[in-house]
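Single-structure report; data block below.
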Protein chains: 2
Amino acid sequence: MSQEKTATTEAAKPLATKGKKVRADAQRSTDTLLETAKKVFATSGVDAPVREVAEAAGVGIGTVYRNFPTRADLVAGVFRREVDACVAEAAELSDAHPPCEALSLWLHRYTQFIATKKGLASALHSGDPAFATLPDYFRENFEPALAALLDRAAKAGDINDSTDPYDLLRAIGNLSVASGEDSAAHIRRMVDLLINGLRFGAVDADRGMATPKNA
Amino acid sequence: MSQEKTATTEAAKPLATKGKKVRADAQRSTDTLLETAKKVFATSGVDAPVREVAEAAGVGIGTVYRNFPTRADLVAGVFRREVDACVAEAAELSDAHPPCEALSLWLHRYTQFIATKKGLASALHSGDPAFATLPDYFRENFEPALAALLDRAAKAGDINDSTDPYDLLRAIGNLSVASGEDSAAHIRRMVDLLINGLRFGAVDADRGMATPKNA
DNA sequence: TGACATACGGAACGCTGTTCCGTATATGAA
DNA sequence: TTCATATACGGAACAGCGTTCCGTATGTCA
């Protein structure tokens with residue numbers, strides 16, 4: 001999404017960032033690296049060699065490691081940026097659509113966000129310390145956003161309120177790593193199935209399924 | 001599950017196996033390697049070095065590569081074996097329980113099967129040719145098994161028949177890679193939610209949800 | 001028993017991530 | 001502006017990985 005907008009997201013900081021002053025060239029390197037890494041990862045996958053990112057960014061390998069202690073830190077930095085972007089869209093949709101529609105719309109949008117991060121899925125659970133804070137970051141940003149959407153829909157009587165936002169976040173996130181011929185359609189169907197699950201027993205139940213019943 | 005039973009599953013063959021005769025020691029190496037690799041992967045993760053498997057199996061590295069052209073082939077071989085085991089259980093459960101119960105039971109069993117293969121999830125979509133046939137193998141074995149379970153439950157009027165077995169297989173498989181503090185409970189809840197989705201609009205709908213509505 | 005195809009073992013290769021350190025540069029004081 | 005110094009940069013070098021290669025050992029069949 002978007003162009004380059006000289007991204008200065010504060011969340012993308014991998015290092016401690018302990019109040020100290022950062023030299024201008026270092027800051028520039030960090031930004032360039034995040035920007036470049038995002039593209040390289042999109043092109044060659046998250047397994048792309050660090051050297052490839054370094055070369056694409058026009059910096060030496062030492063510079064990469066000075067700004068990101070570990071390869072995983074670089075990956076995590078890129079990830080954080082994209083989380084920010086997706087969360088922002090949640091608020092926008094919530095403002096622009098009716099409760100249940102906004103919920104459905106964002107859930108499917110979130111689905112696409114995750115789909116571009118299949119390679120990360122396994123890394124997240126690899127025990128690498130650089131990824132340790134990612135689940136928290138993920139949750140702290142996504143959960144409130146989804147909670148708001150769910151809340152509106154529940155208050156409107158469209159869904160029952162027995163499902164935890166974080167549960168749904170994880171479930172759809174996991175669902176969205178699916179790939180294959182018709183993965184996009186598959187994911188859409190499964191998310192709709194989950195939404196039907198939410199509507200099962202709701203005040204206004206049976207008002208219509210999320211998608212046509214038959215193929 | 002099970003002990004060692006000198007496993008001779010025919011499905012675990014990575015090579016072409018073109019009718020030719022195989023020397024006894026080679027056959028033994030293949031079996032030992034699969035057996036050992038399974039344990040090593042369970043202990044050190046699927047990322048365990050090939051050398052570690054070789055050492056644990058008491059063979060040289062060259063032997064591993066003679067029996068499994070690629071590291072991925074070894075991983076795939078282990079995977080196939082475990083698919084066989086899980087599919088077998090599906091039939092057993094179907095014979096021993098009422099339709100909807102058997103379905104639910106196996107779905108949760110399947111969940112545990114997948115949970116031990118988190119590391120594989122990303123590898124499957126890595127484009128590695130050794131994994132290319134795995135999705136087919138997976139589907140060819142699991143789909144009929146689940147289809148039978150679903151069919152029984154649908155005929156009993158417990159669920160609607162609008163959901164494709166393979167869809168469900170993939171969905172739950174993806175759901176089951178979840179990890180974290182309460183991942184087991186989370187997965188259980190989400191599978192139940194999916195099952196409720198199946199029951200939404202069924203002949204005997206509203207006969208009771210798969211799990212208590214509230215926490 | 002012998003001959004030959006086959007399998008075995010492990011040194012060696014190329015590609016990773018990562019470390020190290022001499023060199024270059026930004027920053028703040030004079 | 002000029003200098004001193006902390007900081008950042010670049011890339012050679014190292015360790016660990018998957019994989020290849022080939023001399024040696026071992027089944028198999030006559």
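Protein chains get the first letters and strands the later ones, always in sequence-line order, with residue 1 at the start of each. Everything quoted here is computed from the prediction, not taken from an experiment.
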Taking only nitrogen or oxygen atoms into account, show me every contact under 3.5 Å that the protein makes with nucleotides 27-30 of chain C, one pair per line with its distance.
| from | atom 1 | to | atom 2 | distance (Å) |
| --- | --- | --- | --- | --- |
| C/dT27 | OP1 | A/A24 | N | 3.3 |

Residue list, side-chain hydrogen bond (donor to acceptor under 3.5 Å, both in side chains) with [X], at least two apart or on another chain:
| X | result |
| --- | --- |
| B/T116 | none |
| A/T32 | none |
| B/T111 | B/S176 |
| A/R23 | A/D25 |

Give the rounded distance in Å between these two atoms: [atom1] of [X] and [atom2] of [N].
| X | N | atom1 | atom2 | result |
| --- | --- | --- | --- | --- |
| B/I61 | C/dA11 | CD1 | P | 11 Å |
| A/R28 | C/dT25 | CZ | P | 12 Å |
| A/D73 | C/dG17 | CG | P | 14 Å |

Between A/R80 and A/T133, is any side-chain donor less than 3.5 angstrom from a side-chain acceptor?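 Present: a donor and an acceptor within the cut-off.
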Are B/D164 and A/H186 linked by a side-chain donor-acceptor pair shorter than 3.5 Å?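 Short answer, no.
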Let me know, please, whether A/T63 or B/A72 comes out on the 5' side of the other along DNA chain D by nearest nucleotide.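 The residue whose closest nucleotide sits nearer the 5' end is A/T63.
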A/G62 vs B/D128, nearer the 5' end of DNA chain D by closest nucleotide: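 The residue mapped nearer the 5' terminus is A/G62.
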Hey, can you pull the residues of residues 42-54 of chain A with a non-hydrogen atom under 4.0 angstrom from DNA chain C?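 Listed by number, they are A/A48, A/P49, A/V50, A/R51.
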Considering residues at least two apart in sequence or located in another chain, which fulfil the ring pair (Phe, Tyr, Trp, His ring centres under 6.0 Å) criterion with [X]?
| X | value |
| --- | --- |
| A/F131 | none |
| B/F79 | none |
| B/Y65 | none |

If you look only at pairs with a residue in residues 119-146 of chain B, which of them pass as a salt bridge (charged side-chain N to carboxylate O under 4.0 Å, His left out), with sequence neighbours excluded?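 Of all non-adjacent pairs touching residues 119-146 of chain B, those that pass salt bridge (charged side-chain N to carboxylate O under 4.0 Å, His left out) are B/R139-B/E143.
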With a cut-off of 3.5 Å and sequence neighbours excluded, list every side-chain donor-acceptor pair involving residues 49-64 of chain B.
| from | atom 1 | to | atom 2 | distance (Å) |
| --- | --- | --- | --- | --- |
| B/E52 | OE2 | B/S44 | OG | 2.8 |

Where chain A begins and ends its contact with DNA chain D, read 5' to 3' at 4.0 Å from heavy atoms: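 On DNA chain D, the outermost contacted nucleotides are D/dA6 to D/dA13.
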